[in-house]
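Written below as structure tokens is the structure these notes are about.
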Amino acid sequence: MKKYLFINGKRIEATEYRLLHSPYSGEVIADIPVATAEETELAIQAAEKAKEVLRKMPAYKRAEILENLACLLEEKHEEAANIITLESAKPIKLARDEVSRTVQTYKFAAEEAKRIQGETIPLDAAPGGEDRIAYTVHEPIGIIGAITPFNFPMNLVAHKVGPAIATGNTIVLKPANQTPLSALFIAELFSEAGLPAGVLNVVIGNGSLIGDQIVRDPRINMITFTGSPEIGIAISNKVGLKRLTLELGSNAALIVDKNIDIDKIIERCIMGSFSNQGQVCISLQRIYVHNEIYHDFVNKFTEAVEKLVFGNPFDEKVDLSALISPDDVERAVSWINEARDEGALIVTGGKTTGNILHPTTILGANRNLKVSCREVFAPIVLINEINSVEEGINLINDSRYGLQAGIYTENISTALEAAEELDVGGVIINDVPTFRVDNMPYGGVKDSGVGREGIKYAVSEMTETKLVIWNKN
Ligand code: NAP
């Protein structure tokens, strides 16, 4: 029950502790460290010391460690899923999916470790460049400061730790305060997998203190942050010349064109809207349906919502459970109330049971409401009627965010137009915006962030290009 910081390959007892509670039942699930500045400093020193070890380690060896980790995690699949469910209230069936994806992510990282290569440069293309040989190599950037959110506590750690090890960087990882157990579990598995001490260090504590310390420390060469736009933007104002990747939030949307077979897409729309209680950065928050099929869509969608099962996240049948904190329940309910007061129609949900917000569907919400223009990060979805796909595209683009967007259409020209016009990091044609597998380039535009994850793309962000020129004379 008592947990430790993980620094220089060892469990370190912290000077301060606090109790960690289950978001679903409120019961105490662990006694977790609250790292001080001094303890965070130890983690940075350990990462600094291990830099040379990893830098000199051949690619096949780094790949081997990542493969070992993937195998060990596969063996402990159920234990890992239980940890995710315990600390985050993610329904167990979804926690199992997250573990399977995490295994995949580390396997992709193992593969990418062997493919880091530069190119030869034809210097003689420029006058004065004759008789020279030039090539680039991609070197590790140094120490990566990785800061992760609560909603995918294992796989989003993997999206930072996997490529960092693949590229020969060391890491100081600060997981979200509510979900440190998954990160500690992985750090210990890495020791078993053969990762040298000091390469991966985990500090747990207050984001605004130790997170800020990591962001500002001059020895840390890159910050890779996944979390809310507010904190991401604040970080970008502090990092100075450090490399920076920001994977932030969104209010992801979908267009449903006329002539779509609604029965075929309802299940995907339900998954997109309510998976992990809507606490997914590409959760489907706004659905724009062509007026020819709007009423049919709404009827079939709400019918399917009523069948969702909510309750204890360890129950195999449960689709939805508690939000991450009572504050989030309160915030989501106040946003629903604002929508109701402004004339929107709450056709499902809107009520709570403990920390569970019932899956909520809202019709006719205007663009200025919080449920529309902010990120709800809760099981709330809006359905609005549109007269054309063009109108839908304009509504999707009318947002400070731009992570992913989806469109269901039978018309190729319409799909091509949407792909061109939607101002987002990824356009998903004939599926919900919530689609993600772990090797695709993933990231947003506008307030949804900068840089891309999806191992190969993170690898390029985590390396420095060095040019070598040989003069033959
Ligand atoms: P959050 O509140 O922004 O926290 C993210 C991380 O930042 C946590 O580890 C947090 O620590 C830390 N932090 C807090 N204040 C900090 C500071 N001043 N300096 C440095 N770090 C600080 O986000 P969350 O509630 O955990 O996660 C939800 C958000 O993440 C949503 O907006 C969601 O869209 C976004 N997200 C984006 C993606 C993507 O790939 N685009 C994926 C998943 C989630 P504490 O826990 O100690 O506060």
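In listed order, ligands and their atoms are each counted from 1.
At least one donor-acceptor pair under 3.5 Å links the side chain of Gln285 to the backbone N or O of Arg374. Side-chain atoms of Thr348 come within 3.5 Å of backbone atoms of Thr361 as a donor-acceptor pair (strictly under, hydrogens ignored). Checking side-chain atoms of Thr463 against main-chain N and O of Pro140 turns up no donor-acceptor pair under 3.5 Å.
Within 4.0 Å of ligand 1, heavy atoms belong to protein residues Ile147, Thr148, Pro149, Phe150, Asn151, Leu156, Lys174, Pro175, Ala176, Asn177, Gly205, Asn206, Gly207, Ser208, Gly211, Asp212, Phe225, Thr226, Gly227, Ser228, Pro229, Ile231, Ile235, Glu247, Leu248, Gly249, Cys281, Glu375, Phe377, Leu403, Tyr442.
Between Glu230 and Arg400 there is a salt bridge, since at least one side-chain N of the basic residue sits less than 4.0 Å from a carboxylate O of the acidic one.
Taking the six-membered ring where the residue is Trp, Phe190 and Tyr106 present perpendicular rings, their angle passing 60° and hence far from 30°.
Here the closest heavy-atom approach between residue Ile346 and residue Gly350 is recorded as CG2-CA, 4.2 Å.
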